[in-house]
Amino acid sequence: MRTLECDVDATWIDINNHMNAQYYGIVVYRAHAAFTDALGLGDEYVRTTGFGKVVVQTAMTYEREVLHGSRLAVDSWLLGVDAKRLHFFHEVRDLGDRTRVAVSEQLDLHVDLGTRRTAAMPDDVRARLTQFATEQRAAGGHPDGVGRRIRFPRS
């Protein structure tokens with residue numbers, strides 16, 4: 001699902017004359033917030049249920065540099081859901097040449113904001129999200145790069 005399109009701002013460019021790593025995170029964060037809303041877990045869900053979600057693990061892989069004037073798009077996947085966890089994947093592309101420039105994978109936990117503890121999702125929410133993840137897989141497969149690990153260089 002396309003969750004964000006944006007232009008690279010001049011203030012995002014660093015001394016190396018490309019987009020600084022921190023702004024990849026901002027782009028993905030904005031896409032993740034939009035995806036959260038689209039999934040029905042955004043601000044309205046929080047206000048009406050007292051539940052929310054928090055990011056507990058994220059991994060960003062930078063694949064290509066991004067230059068000033070580029071236009072970016074983020075496509076997002078909900079890869080899986082269980083009672084308390086949601087597994088997300090975001091793919092950032094340069095719309096000029098359509099190359100993938102970065103990916104971000106993350107794990108969110110569903111929480112009760114009154115107790116500040118993890119909590120099982122309501123059954124209807126979990127069922128709806130599970131169905132969405134299943135339909136997304138059927139429509140577009142599995143994005144490349146899920147589950148990457150950092151490997152220590154051998155000396």
Side-chain donor/acceptor of Arg100 to backbone N/O of Asp144, under 3.5 Å: yes
Test side chain to side chain donor-acceptor pair (under 3.5 Å) applied to His32 and Thr58, Asp108, Asp37, the passing residue: Asp108
Hydrophobic cluster identity match, Leu39 and Met1, side-chain contacts under 4.5 Å: yes
CE on Met19 to OG1 on Thr11, rounded to 0.5 Å: 11.0 Å
Val74 backbone acceptor or donor facing Thr3 side chain under 3.5 Å: yes
Heavy-atom pair with the smallest gap, counting every atom of Phe88 and Leu78: CE2-CD1, 3.7 Å
Shortest non-hydrogen separation from Leu107 to Arg85 and the atoms involved: CD1-CB, 3.9 Å
Residue pair Asp94 / Arg64, side-chain heavy-atom distance below 4.5 Å: no
Any side-chain heavy-atom pair of Leu79 and Pro143 under 4.5 Å: yes
Same cluster (ILVMFWY, side-chain, under 4.5 Å), Met60 and Ile26: yes
Nearest heavy-atom neighbours spanning Asn17 and Leu67: O-CD2, 3.4 Å
Separation of Thr36 OG1 from Lys53 NZ (nearest 0.5 Å): 3.0 Å
Inter-residue atom distance Tyr23.OH - Tyr29.OH, 0.5 Å rounding: 16.0 Å
Side chain to side chain contact (heavy atoms under 4.5 Å, CB included) assessment of Arg126 paired with Asp82: CA-CA 7 Å; Arg126 182 176 175 200; Asp82 69 12; 4.1 Å; yes
CD/Gln57: more than 12 non-hydrogen atoms of other groups inside 6.0 Å: no
Greater than 12 external heavy atoms within 6.0 Å of Asp124's CG: yes
Value rounded to 0.5 Å, distance of OG1 in Thr118 from CZ in Phe51: 11.0 Å
Arg47, CZ atom: more than 12 neighbouring heavy atoms under 6.0 Å: yes
Val146 versus His87, closest heavy-atom pair with distance: CG1-CE1, 4.1 Å
Hydrophobic cluster identity match, Leu4 and Trp12, side-chain contacts under 4.5 Å: yes
Interatomic spacing from CZ in Arg2 to CD in Glu91 - rounded to 0.5 Å: 9.5 Å
Test item: Asn16 side-chain N/O and His18 main-chain N/O as donor-acceptor pair under 3.5 Å: no
Short side-chain to backbone donor-acceptor contact, Arg71 and Gly96, under 3.5 Å: no
Sub-4.5 Å side-chain heavy-atom contact between Val125 and Leu41: yes
Qualifying residue, where the test is side-chain contact (heavy atoms from CB on, under 4.5 Å) with Val66 and the options are Val27, Ile13, Val101: Val101
Considering all heavy atoms, the nearest His110-Tyr45 contact: NE2-OH, 2.7 Å
Distance, nearest 0.5 Å, that separates OG1 of Thr99 from CD of Glu65: 10.5 Å
Main-chain N/O of Gly147 paired to Glu105 side chain as donor or acceptor, under 3.5 Å: yes
Same cluster (ILVMFWY, side-chain, under 4.5 Å), Val103 and Tyr24: no
Which atom of Val28 lies closest to which atom of His90, heavy atoms considered: CG1-CD2, 3.8 Å
hydrophobic_cluster_shared for Phe89 and Tyr62, side chain cutoff 4.5 Å: no
Partners passing side chain to side chain donor-acceptor pair (under 3.5 Å) against Arg128 (at least two apart in sequence or in another chain): none
